[in-house]
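One structure is given here, and the rest of the page talks about it.
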Amino acid sequence: MNRFEIAQPQSVAQARELLAEKPGSVLKAGGIDVLDHLKEHLVEPPRLVNLKAVPGLDSISADPDGGLRLGPLATLAKVAASPEVRRSHAALAEACGEAASPQIRNVATLGGNVLQRPRCWYYRLESYRCLKKGGDVCYAVGGENRYNVIFGGGPSYAPHPSNAAVALVALGASFVLEGPKGTRTVPAGEFFVLPSRDAQRENDLQPGEVLTEVRVPPAAGARSTYDAVRERDGFDWPLVSVAAALKLEGRTVREARLVLGAVAPVPWRATRAEQALVGRPLGDEAAAAAARAATVGAAPLSDNGYKVGLVQSLVRRTLLGLA
Ligand SMILES: Cc1cc2nc3c(=O)[nH]c(=O)nc-3n(C[C@H](O)[C@H](O)[C@H](O)COP(=O)(O)OP(=O)(O)OC[C@H]3O[C@@H](n4cnc5c(N)ncnc54)[C@H](O)[C@@H]3O)c2cc1C
């Protein structure tokens, strides 16, 4: 590992200055993903800028209208346990509470979770210069691809890894980003980037930008939940996950947002499944129709066709759970 310095900024402005001063510097929040990258020599920054030292970035509060403001440094454990989040935006609490292991959730942060890099093993192994690292091959295509994507792939097929992001897209959240050009707010649904636009990054975070707040609009009567299927019943990434947010009038679905995780390079909005739900009573029939619609357009690779059936079962199970 190359030698690098560790900076402890006391404010976001100072963090940005420290980033700008030494190009290639990297922000660290909980450090779970950053340390993996350092150990695998996937990044070799001259400086690590430790956001954990900035006071006040880990708060969670509810606005009078019921919207949430979450600091990016709030740990996954804190988000999962927050009464404000659990009361009105269960999908987010559940997504954070199911990620990784208790030890990791106590250190990993909401912002770091959303911005973590993909887990594709070809990307993670130093010896493979894949598309994500500036090479010209996605090794998953002709290789071991059972964990890769069935939607939105090409030219890279690495799946999106974050539990929290899937819930945040379903809840219509947005990200506040502070950078050299000022502050901007980007809807979570527009923040993540498909590899057809840029194979080397997964989101629209610009060089020098810091995620400073996550805003979630009021639930306004919508019910939400998150569920996932894993290979083992221990700490592991989901094979398939889903976050659902539904507004009901009696039993009839008035609005629906369904987002799939681990099946596409971004949190994947299942818009056809949403359409299959709206206007129908939430029950067996609507859940089965939405489950079928959720996989329209799926394009599995050689070894991950099983994800199609898993998506259908999980969508159905999740909707019936909400019903
Ligand atoms: C065994 C294991 C199992 C896991 N299982 C799951 C799982 O089931 N679901 C899941 O979602 N995750 C899982 N993870 C991943 C883990 O949750 C993430 O690595 C962690 O959430 C990252 O958060 P962090 O605070 O440690 O981020 P860091 O490692 O500190 O940062 C991650 C990235 O975000 C950038 N960054 C962080 N904060 C900011 C900010 N405020 N502004 C701009 N950039 C920023 C960093 O520069 C870095 O690129 C697992 C990890 C392990 C080791």
Side-chain angles (χ1 to χ4, degrees), residues 9 11-13 15-16 27-34 49-100 102 104-116 160-179 183-192 202-205 209-220 222-226 241 243-245 257 259 261 266-267:
S11 66
V12 171
R16 292 206 291 99
L27 286 172
K28 173 197 153 296
I32 303 284
D33 202 28
V34 166
V49 180
N50 184 14
L51 280 175
K52 280 248 170 178
V54 178
L57 278 186
D58 65 346
S59 63
I60 297 178
S61 62
D63 290 334
D65 65 359
L68 298 175
R69 288 168 190 261
L70 302 117
L73 270 284
T75 62
L76 298 181
K78 182 170 172 172
V79 177
S82 157
E84 288 88 352
V85 182
R86 290 161 69 98
R87 193 178 309 127
S88 55
H89 296 83
L92 181 59
E94 290 165 10
C96 291
E98 284 186 28
I104 291 172
R105 293 195 293 273
N106 278 328
V107 176
T109 66
L110 180 64
N113 187 267
V114 165
L115 297 167
Q116 64 177 301
H160 180 82
S162 162
N163 282 25
V166 172
L168 289 169
V169 173
L171 295 170
S174 47
F175 300 125
V176 181
L177 307 163
E178 278 183 43
T183 301
R184 62 192 181 114
T185 303
V186 183
E190 294 168 21
F191 180 64
F192 299 98
E202 296 79 44
N203 56 57
D204 188 35
L205 189 78
E209 273 187 328
V210 181
L211 170 64
T212 55
E213 192 170 71
V214 177
R215 289 189 188 150
V216 190
R223 280 194 242 160
S224 69
T225 190
Y226 171 92
S241 67
R257 286 173 74 98
V259 181
V266 298

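Sequential numbering from 1 along the given sequence is applied to the chain's residues.
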Supply the atom-to-atom distance [X] [atom1] to [Y] [atom2], rounded to the nearest 0.5 angstrom.
| X | Y | atom1 | atom2 | result |
| --- | --- | --- | --- | --- |
| E178 | R184 | CD | CZ | 12.0 Å |
| L177 | D204 | CG | CG | 8.0 Å |
| L110 | L168 | CG | CG | 6.0 Å |

Quiz prompt | Criterion side chain to side chain contact (heavy atoms under 4.5 Å, CB included) against V79, the qualifying member of N113, L70, V214 | solution =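 Exactly one candidate clears the test, L70.
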Are the side chain of [X] and the backbone N or O of [Y] linked by a donor-acceptor pair below 3.5 Å?
| X | Y | answer |
| --- | --- | --- |
| D33 | Q116 | no |
| R86 | A80 | yes |
| R257 | A170 | yes |

Practice problem: List in chain and number order the residues that pass ring pair (Phe, Tyr, Trp, His ring centres under 6.0 Å) with F175, two or more places apart in sequence or in another chain; answer none if no residue qualifies. | Solution: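 Per chain and number, F175 pairs via ring pair (Phe, Tyr, Trp, His ring centres under 6.0 Å) with F191.
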Self-check item: Qualifying residues under side-chain hydrogen bond (donor to acceptor under 3.5 Å, both in side chains), relative to N50, sequence neighbours excluded
Solution: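 Expected list: Q8, K28.
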Quiz prompt | side-chain hydrogen bond (donor to acceptor under 3.5 Å, both in side chains) partners for R223, two or more places apart | solution =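 Scan of R223 (side-chain hydrogen bond (donor to acceptor under 3.5 Å, both in side chains), adjacent residues dropped) gives none.
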Exercise. For the residue pair N106 and T75, confirm or rule out a side-chain donor-acceptor distance under 3.5 Å.
Key: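 No - no donor-acceptor pair under 3.5 Å links their side chains.
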Kindly list each side-chain donor-acceptor pair under 3.5 angstrom involving residues 51-61, sequence neighbours excluded, with atom names and distances?
| unit_1 | atom_1 | unit_2 | atom_2 | d |
| --- | --- | --- | --- | --- |
| K52 | NZ | V107 | O | 3.4 |

Can you name the nearest heavy-atom pair linking [X] to [Y], along with the distance?
| X | Y | value |
| --- | --- | --- |
| L115 | N203 | CD2-ND2, 3.5 Å |
| P72 | T212 | CD-O, 3.1 Å |
| V34 | L27 | CG2-O, 3.5 Å |
| S162 | A165 | OG-N, 2.9 Å |
| T109 | G30 | CG2-N, 3.7 Å |

Tell me which donor-acceptor pairs under 3.5 Å the side chains of residues 87-98 have, and how far apart each pair is, sequence neighbours excluded?
| unit_1 | atom_1 | unit_2 | atom_2 | d |
| --- | --- | --- | --- | --- |
| S88 | OG | E84 | O | 3.1 |
| H89 | NE2 | P217 | O | 2.8 |
| E94 | OE1 | T225 | OG1 | 2.7 |
| E94 | OE1 | Y226 | N | 2.8 |

Quiz prompt | 4.5 Å side-chain heavy-atom contact, V49 and P9 | solution =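 Yes, their side chains come closer than 4.5 Å.
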Quiz item: Who are the side-chain contact (heavy atoms from CB on, under 4.5 Å) partners of E213, not counting sequence neighbours?
Solution: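 Listed in chain order: R69, V176, R215.
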